[in-house]
Protein chains: 2
Amino acid sequence: MRRKTGGMDFHLNPEFLQGTELFRDVPAAALHEIQAASSQRRVAAGQVVFRQGDSAAALYVVATGRLRATQTTADGQQVIIRYLGPGEVAGYTTLSGGGVHPGAVIAVEDALLISWTSAAIKRLMAEHSSIAMNAVAFLGARYHEMQVRIRELSTEKVERRIAHTVLRLVEQAGRRTARGIEIAIPLSRQDLAEMSGTTLHTVSRTLSAWEEQKIVSCGRRRVVVAKADVLTSIAEV
Amino acid sequence: MRRKTGGMDFHLNPEFLQGTELFRDVPAAALHEIQAASSQRRVAAGQVVFRQGDSAAALYVVATGRLRATQTTADGQQVIIRYLGPGEVAGYTTLSGGGVHPGAVIAVEDALLISWTSAAIKRLMAEHSSIAMNAVAFLGARYHEMQVRIRELSTEKVERRIAHTVLRLVEQAGRRTARGIEIAIPLSRQDLAEMSGTTLHTVSRTLSAWEEQKIVSCGRRRVVVAKADVLTSIAEV
DNA sequence: CGGACTTTTGAAGTAATTCAAGGGGAGTGG
DNA sequence: CCACTCCCCTTGAATTACTTCAAAAGTCCG
């Protein structure tokens, strides 16, 4: 399911690349070279992009669809590190050493990925410093995100953590609807639990309580935030 | 307490730079330039290097001594993100945007820091791609560290988390002594709590239990690990 | 319409926090 | 050198927030 860019499937236009976190503000002259070195890969919802422990052979940029990055313990417990949407990078390890992926990435929707080999992306970074600068910027941002989550996990009680998680998802994948802001990712209670550091039971109870107060309305794998301000006050108090 | 490199205080030799995470494998020709752009700053134990929210004006590399990076909540609760030792970077935000420091850094021992202005380090990165590559590598590594900690905080019970924390500190600042491996950082119960996501009380009780079993021996702000293997088995089970 | 997955909710159990009080070491100043 | 004070550490007891266990009800899909 991997093919060299040859037109046909998805036209990788320069505007798209310039909108990604890795290639923004790259000189126009470089875009062609970047494009020439790229491949494309389609993944269906539920399909694995790479597994934890796989050697980091390729770097991906999401063109369409959405991915999920996870970390799994030896005994099978999983946490969700992050969702990745259009323009975002999956497989950052490929940028640096010849290591292995420290976590897994799977598609939660059908997705189209643009990929580069480790050697190609390293060469591009070395030749075009703005790519390397972008990599530094987005890795710094993700490092910061994780710091914030660690602080939350360390100091906040579950309800606040769940509120923060939901608000982050609203930020990342919110879509206005008549009933409020819908999170445009299919999201089970278990998923929310793995993002908030709790159990699906506690998430279910918390959402039920919020639904009672009309703060959210939810269904099977679906959450719609009706009163984001109330949720914010739960998160911030 | 800031001065231009003029010899005298600390001779910033190329070997030192080549041993740091940011400047390793940089071509010898660049080292002089890097050095010329640097300043030095001494900080006494307990002194603040920069505060959370300060604008990111300088990047630091630790020459000697040890720093602590923290994140603080609006209501004053603190977590320790990391300790920084010789060769490590403090103030990574300076590498990317013109933002503010997302956390504070203070010295836990008297320390000597080498610093660069934001403009200088960005110019150096743009000119010498290997510096940018190193930045990508160490930020990737720190991002990974944080992911692991999130997984620990989300899935493990306190005793295991404290064990992991202590083992990490042994790795980072362990020093062989007659009684076992001593953690060469003054470390209160509160500090360990802020690294493990628990309270000083629980840390105290846990260490007391371990001391009972001769796994560790500890004093005021001091921890010596006698049986690292037992601690590992507590962490891994 | 069956079957798999997801969600809900009650009840019991418990790990860890919170509350509370006291002890001990290190440094300071008389 | 001793007393005083400031931290830091310890330990018990009470409380609680959350998990675990258990069962049932929904919901989607073929």
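Model, not experiment: these values are computed from the prediction. Below, chain A is the first sequence line, B the second, and so on; all start at residue 1.
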Less than 4.0 Å between a side-chain N and a carboxylate O, is that true for A:Glu194 and A:Arg68?
no
Length of the CD1-P vector between B:Ile162 and D:dC9, whole Å:
13 Å
For a quick test of reading the model: is some side-chain N or O of A:Thr202 closer than 4.0 Å to OP1 or OP2 of D:dT19?
yes
Hey, is the side chain of B:Arg205 pairing donor to acceptor with the base of D:dG12 inside 3.5 Å?
yes
Which part of the nucleic acid, if any, lies within contact of B:Ser188, taking any heavy atom under 4.0 Å across all strands shown: a base, the sugar-phosphate backbone alone, or nothing?
sugar-phosphate
Minimum-distance nucleotide to A:Ser204 side chain [options: D:dC9, C:dT8, C:dT18]
C:dT8
Check this for me: B:Glu171, atom CD, are more than 12 non-hydrogen atoms of other residues, nucleotides or ligands nearer than 6.0 Å?
no
Specify the separation, in whole Å, of atom CZ of B:Arg160 and atom C1' of C:dA15.
15 Å
Which value, rounded to the nearest 0.5 Å, describes the distance between A:Gln172 atom CD and A:Arg66 atom CZ?
6.5 Å
Whole-Å distance between C:dT8 P and A:Trp210 CH2?
13 Å
Kindly indicate whether the side chain of B:His201 and the base of D:dT11 share any N or O donor-acceptor pair separated by less than 3.5 Å?
yes
Where each residue is assigned the nucleotide of DNA chain C containing its nearest heavy atom, which of B:Thr198 and A:Leu207 is assigned the position nearer the 5′ end?
A:Leu207
Taking D:dC9, D:dT20, C:dT18 as options, the one with an atom nearest any side-chain atom of B:Thr199 is C:dT18
Hydrogens and angles aside, do B:Asp229 and B:Thr232 bring a side-chain donor and acceptor to less than 3.5 Å of each other?
no
Between A:Glu194 (CD) and D:dT19 (P), how many Å, whole number?
13 Å
When all nucleic acid strands are considered with a 4.0 Å heavy-atom cut-off, which category describes A:Arg220: base, sugar-phosphate, or nothing?
base
Interatomic distance where CG belongs to B:Leu200 and P belongs to C:dT18 [whole Å]
11 Å
Expected output: side-chain A:Arg160 to main-chain A:Ala235 donor-acceptor under 3.5 Å
yes
Output the rounded distance in Å from CD (B:Glu156) to C1' (D:dT19).
16 Å
Most 5' of B:Gln190 and A:Arg161 on DNA chain D, judged by nearest nucleotide:
B:Gln190
Under 4.0 Å, heavy atoms only, any strand: does A:Ser208 hit a base, just the sugar-phosphate, or nothing?
sugar-phosphate
In whole angstroms, how far is the P atom of D:dC28 from the CZ atom of A:Arg221?
12 Å
Whole Å only: how far is the CG atom of B:Leu153 from the C1' atom of C:dA16?
14 Å
